[in-house]
Amino acid sequence: MNTIRGFHRRRCGVGWQRVEGSSDRIDATLFRPDLGNEMVPGEITVDRQTLHFTSAEVALDMPLDQVFIECDRKSGGRVTLRDREQPGVKLFTMDESLFDDPLFTRSRHIRLQLQEILGRRDISRRLRLTFYALLACGVAVWMGSYLYRTAVRMVVAQIPSEWERKFGDHEMVELRKEMDILDDTNRVAELARLAAPLVQGIPGPRMELKFHIIDSSLPNAAALPGGHVLVTSGLLRMLDRPEQLLGVIAHELAHVKRRHGFQQAISGAGPLLVMQILLSDRNNRLNLMAEISGLLIYQSFSQN
C-alpha cells in the first residue's frame with residue numbers, strides 16, 4: 001500500500017475503509033502521574049492538528065504529530081495513545097472508530113503508524129494461517145498413517161498358519177540359492193536344545209522351530225514365517241556364553257510370534273495392494289500376497 005490518505009484502519013488491523021465526515025466524540029480514559037493511580041473518564045475529539053481529551057476534571061491536548069499508537073489485541077483491542085512530549089501520560093480507549101476519523105488520519109505521522117500496525121497484523125495473520133495449515137496436514141498424515149497401520153494389521157491377522165508355513169518354506173528355498181547354509185546337524189541340534197525352554201514359554205500354539213546356520217563372518221540373525229530361525233557362523237563365534245545366544249534367539253522368536261516380517265513386507269507393498277487384499281476373497285488373497293513374498297527375506301534381516 002503506497003498511501004493510506006483518507007483510508008482508515010478498522011478493528012485494529014482488520015481492513016481499510018473509506019470514511020467521510022468530521023470528528024466524533026470517543027469515550028476514553030486518561031492516566032496522568034500527577035493525578036494519582038485513578039483513571040479519569042472523558043472523551044476524545046480530533047481537529048486538523050490536535051487530539052483533545054476533555055472531562056469534568058481535566059483537559060489535555062496532544063499534537064497529532066507527537067501521538068504514538070499502541071494496539072493491544074490481548075486486552076480486547078485496547079488502544080493506547082501516548083505523547084512523546086508528555087512522559088507517563090496515556091489515553092486509553094476501546095473504541096477503535098478513532099481510526100475511521102479522517103481528521104485523525106490526516107497526519108502523515110499517524111498514517112505511517114497505522115500502516116505499520118496493518119503490516120504487523122497481516123504478518124501475524126499469515127503466521128497463524130500457516131500454523132493451522134501445518135497442524136491440519138500433520139493431523140491428516142497421522143490419521144492416514146494410523147488407518148494404514150490398522151489395515152496392515154488386519155491383513156496380517158487374516159493370514160492362516162498354513163499359509164505362514166508355506167511362505168516360510170518357500171523363502172528358505174530361495175534363500176538357499178543366495179546364501180551358504182551349513183549342513184551341520186550337530187550344531188543345529190544344539191541350537192534347538194538351547195532354545196527349547198524359550199519355545200515352551202511362548203504363549204499360544206506351540207511353535208515348530210527349524211534352525212539354520214549361515215556361513216558368514218558377519219554377526220547376524222533372522223527369523224522367517226513358519227518358524228525358520230537363522231544365525232550366522234560369525235555370530236556364534238563372537239558369543240561367549242549360551243545366554244547371549246538365547247537373547248538373540250528370543251528376539252527373533254518375538255518377530256515370528258508377532259509376524260513382524262509380514263507386517264513390514266505388506267506395509268512396504270503400498271496401500272493399493274493392502275486394500276486389494278482386504279477386499280479380495282480367500283482364494284485370491286494368497287495370489288496377491290505372493291507379490292510381497294520377495295520382501296520377506298529383506299525385512300527379516302533388516303536392522304529395524
Side-chain angles (χ1 to χ4, degrees), residues 1-140:
M1 183 180 297
N2 295 325
T3 179
I4 59 172
R5 181 180 297 276
F7 287 79
H8 318 296
R9 184 68 169 156
R10 181 181 294 277
R11 288 318 224 178
C12 208
V14 186
W16 292 93
Q17 183 176 1
R18 181 84 179 186
V19 177
E20 303 291 347
S22 60
S23 176
D24 297 323
R25 295 181 179 273
I26 296 172
D27 292 333
T29 55
L30 168 67
F31 173 81
R32 201 167 69 182
D34 62 315
L35 298 176
N37 294 325
E38 296 201 9
M39 307 287 287
V40 179
E43 294 178 334
I44 290 174
T45 57
V46 182
D47 62 26
R48 289 180 176 273
Q49 296 181 342
T50 309
L51 182 147
H52 307 281
F53 174 82
T54 57
S55 71
E57 297 87 5
V58 66
L60 177 74
D61 293 338
M62 288 186 179
L64 292 179
D65 289 343
Q66 297 177 183
V67 172
F68 285 90
I69 307 169
E70 298 175 1
C71 279
D72 188 358
R73 300 186 68 184
K74 295 181 180 178
S75 299
R78 184 180 69 180
V79 178
T80 303
L81 304 171
R82 295 185 293 107
D83 185 344
R84 66 185 177 190
E85 299 296 331
Q86 304 181 65
V89 176
K90 296 181 181 180
L91 287 175
F92 302 101
T93 181
M94 300 296 293
D95 188 350
E96 296 173 356
S97 64
L98 175 65
F99 300 149
D100 295 338
D101 192 326
L103 295 177
F104 184 67
T105 56
R106 185 183 183 88
S107 167
R108 181 175 181 273
H109 174 69
I110 296 296
R111 293 199 309 274
L112 290 176
Q113 291 185 74
L114 295 179
Q115 189 173 16
E116 183 180 354
I117 291 172
L118 172 64
R120 290 198 302 266
R121 293 295 179 264
D122 188 56
I123 291 174
S124 177
R125 180 182 64 84
R126 293 187 182 190
L127 288 175
R128 287 198 304 273
L129 291 175
T130 301
F131 171 76
Y132 293 144
L134 291 175
L135 181 62
C137 290
V139 171

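Atom set for the values below is all heavy atoms of this structure, side chains included, hydrogens, waters and symmetry mates excluded. One is the number of the first residue; the rest follow in order along the sequence. Note that the structure is predicted; figures quoted are calculated from it, not measured.
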Look at the side chain of [X] and the backbone N and O of [Y], then say whether any donor-acceptor pair between them is shorter than 3.5 Å.
X      : Y      : value
Gln49  : Asp65  : no
Thr50  : His52  : no
Glu70  : Arg82  : no
Thr54  : Ala59  : no
Thr130 : Arg126 : yes

* Start with the C-alpha distance between Ser124 and Arg120, add both sets of side-chain angles, then the distance that settles side-chain hydrogen bond (donor to acceptor under 3.5 Å, both in side chains), and finish with yes or no. => CA-CA 6 Å; Ser124 177; Arg120 290 198 302 266; over 6 Å; no

Nearest 0.5 Å, please: how far is [atom2] in [Y] from [atom1] in [X]?
X      : Y      : atom1 : atom2 : answer
Leu114 : Ser107 : CG    : OG    : 9.5 Å
Phe68  : Asp83  : CZ    : CG    : 9.0 Å
Thr93  : Ile26  : OG1   : CD1   : 6.0 Å
Arg106 : Asp47  : CZ    : CG    : 10.5 Å
Met62  : Leu81  : CE    : CG    : 6.5 Å
Cys71  : Gln113 : SG    : CD    : 10.0 Å

* To do: Could you go through the side chain to side chain contact (heavy atoms under 4.5 Å, CB included) check for Phe53 and Val58 one step at a time?
  => CA-CA 8 Å; Phe53 174 82; Val58 66; 4.0 Å; yes

Over all atoms of both residues, closest heavy-atom pair of [X] and [Y]:
X     : Y      : answer
Ile69 : Ile117 : CG2-CD1, 4.1 Å
Leu60 : Gln86  : CD1-OE1, 3.2 Å
Gly88 : Pro33  : O-CD, 3.6 Å
Ile44 : Val46  : CG2-CG2, 4.4 Å
Pro41 : Ser55  : O-CB, 3.1 Å

* Determine, step by step, whether Leu30 and Val89 satisfy the side chain to side chain contact (heavy atoms under 4.5 Å, CB included) criterion, reporting the C-alpha distance in whole Å, the side-chain angles of both residues, the deciding distance to 0.1 Å, and the verdict. => CA-CA 8 Å; Leu30 168 67; Val89 176; 3.8 Å; yes

